[in-house]
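Below: the structure, in structure tokens.
Just so you know, these numbers come straight off a predicted model, no measurement behind them.
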Amino acid sequence: MSDQLTVAPARQARTSGAPARQKTAIIAAATAGSTIALIALAALGTLLHQVWLIPPLAASAALIFGAPALPLAQPRSVIGGQVLSALTGFAVLPVAGHSAWAAALAGGLALGVMALARTPHSPAAATAVIVVTQQPAPVPFLPALTAASVVLVVVGALVGRSGMTPRYPVYWW
């Protein structure tokens, strides 16, 4: 054994594995775009006397404006994933009813349907759950959901082409 004192190595500074924070201007523009898009959905719903702003669409906006390059945020996935997941929920309803079990089944099946159609969009699985638990009438729910998804994509494209944020969309279809 050595009589020398062992010195503990200096603690290395811990750094996060998270991506670096974006520039404040990009965050501000994305936040403004998301807020405008969601307020537009609330306004359209009020004007048309039906719900256009459902929780999964707020999550969709978070992807479009916060992570515009992800495949989950592209128009094909946002619009297609939302519509296919709602249709999945409507298909589950007559077979399994509107229990929590049926909602879980619809959410899980929506994932498979979106994967088969190459329209992955995680917030849309929640749309299938909402359809089963809330049992909205297919009309006007499906047209409103489709139009609301299009509004999010259009506002996302306008913000993404403003030069203030990363370009959106990366691809349309």
Side-chain angles (χ1 to χ4, degrees), residues 30-161 165 167-173:
T31 301
S34 178
T35 303
I36 289 166
L38 294 174
I39 288 173
L41 295 185
L44 287 166
T46 299
L47 181 69
L48 299 171
H49 304 289
Q50 65 188 70
V51 176
W52 274 46
L53 178 59
I54 60 171
L57 293 177
S60 296
L63 285 171
I64 291 169
F65 295 95
L70 288 180
L72 298 174
Q74 301 314 303
R76 173 188 178 97
S77 292
V78 173
I79 299 166
Q82 288 289 356
V83 171
L84 289 172
S85 292
L87 290 171
T88 302
F90 283 117
V92 167
L93 262 174
V95 176
H98 66 278
S99 68
W101 301 103
L105 176 65
L109 290 176
L111 173 67
V113 170
M114 288 185 286
L116 287 171
R118 296 181 19 240
T119 58
H121 188 65
S122 50
T127 300
V129 171
I130 286 173
V131 166
V132 171
T133 58
Q134 300 299 311
Q135 304 175 64
V139 176
F141 185 81
L142 284 169
L145 176 68
T146 304
S149 299
V150 169
V151 167
L152 291 179
V153 166
V154 167
V155 175
L158 291 172
V159 171
R161 306 214 183 235
T165 64
R167 190 164 174 86
Y168 176 83
V170 175
Y171 58 88
W172 283 93
W173 201 252

_Testing the basics here: between V51 and I54, what is the closest heavy-atom pair and its distance to 0.1 Å?_
CG1-CG2, 3.8 Å
_side chain to side chain contact (heavy atoms under 4.5 Å, CB included) between V83 and S149, intermediate numbers included_ = CA-CA 9 Å; V83 171; S149 299; 5.8 Å; no
*asked:* What I'd like to find out is whether the side chain of V132 reaches to under 4.5 Å of the side chain of L105, using heavy atoms alone.
replied: no
*Do S34 side-chain atoms and A30 backbone N/O form a donor-acceptor pair below 3.5 Å?*
no
*Okay, side chain of Q74, backbone of I64: is any donor-acceptor separation there less than 3.5 Å?*
no
*Minimum heavy-atom distance between G97 and A102, given as atom pair plus value*: O-CB, 3.3 Å
_Testing the basics here: between A37 and L152, what is the closest heavy-atom pair and its distance to 0.1 Å?_
CB-CD2, 3.7 Å
*Check: V78 main-chain N/O paired with S60 side-chain donor or acceptor under 3.5 Å*: no
_Would you compute the distance between atom OG1 of T46 and atom CG of L53 and round it to the nearest 0.5 angstrom?_
9.5 Å
*Return the minimal non-hydrogen interatomic distance between P56 and A126, and the atom names on each side.*
CG-CB, 3.7 Å
_Under the side chain to side chain contact (heavy atoms under 4.5 Å, CB included) test, residues paired with T119 that sit two or more places apart_ = R76, L84, M114, A117
*Output, in order, the C-alpha distance, side-chain angles, deciding distance and verdict of side chain to side chain contact (heavy atoms under 4.5 Å, CB included) for W52 and L57.*
CA-CA 9 Å; W52 274 46; L57 293 177; over 6 Å; no
*Are side-chain heavy atoms of L48 and P140 found at a separation under 4.5 Å?*
no
*Supply the atom-to-atom distance L41 CG to I36 CD1, rounded to the nearest 0.5 angstrom.*
12.0 Å
*So which heavy atom on V131 is nearest to which on G89, and how close?*
CG1-C, 3.5 Å
*Under the 3.5 angstrom rule, does the side chain of S77 hit a backbone N or O of A73 as a donor-acceptor pair?*
no
*asked:* Using only atom types and a distance under 3.5 Å, with no angle test, would you say the side chain of T127 pairs donor to acceptor with the backbone of Q82?
replied: no
_Any V153 side-chain heavy atom under 4.5 Å of W172 side chain_ = yes
*Distance in Å, L116 CG paired with L111 CG, rounded so as to fall on 0.5 Å steps*: 9.5 Å
_As an exercise, state the distance from CG of L87 to CG of L142, rounded to the nearest 0.5 Å._
5.5 Å
*Mind checking whether Y168 and V159 have side chains closer than 4.5 Å, heavy atoms only?*
no
*With a 4.5 Å heavy-atom cut-off, do F65 and L38 have their side chains touching?*
no
*Any side-chain heavy atom of P68 sitting closer than 4.5 Å to one from T165?*
no
_On a heavy-atom basis, which atom in A128 and which in S85 lie closest, and how many Å separate them?_
CB-O, 3.3 Å
*With sequence neighbours left out, which residue pairs that include part of residues 89-100 fulfil the side chain to side chain donor-acceptor pair (under 3.5 Å) condition?*
H98-Q135
_Let me confirm one number: the OG1-CG distance from T88 to L93, rounded to the nearest 0.5 Å._
11.5 Å
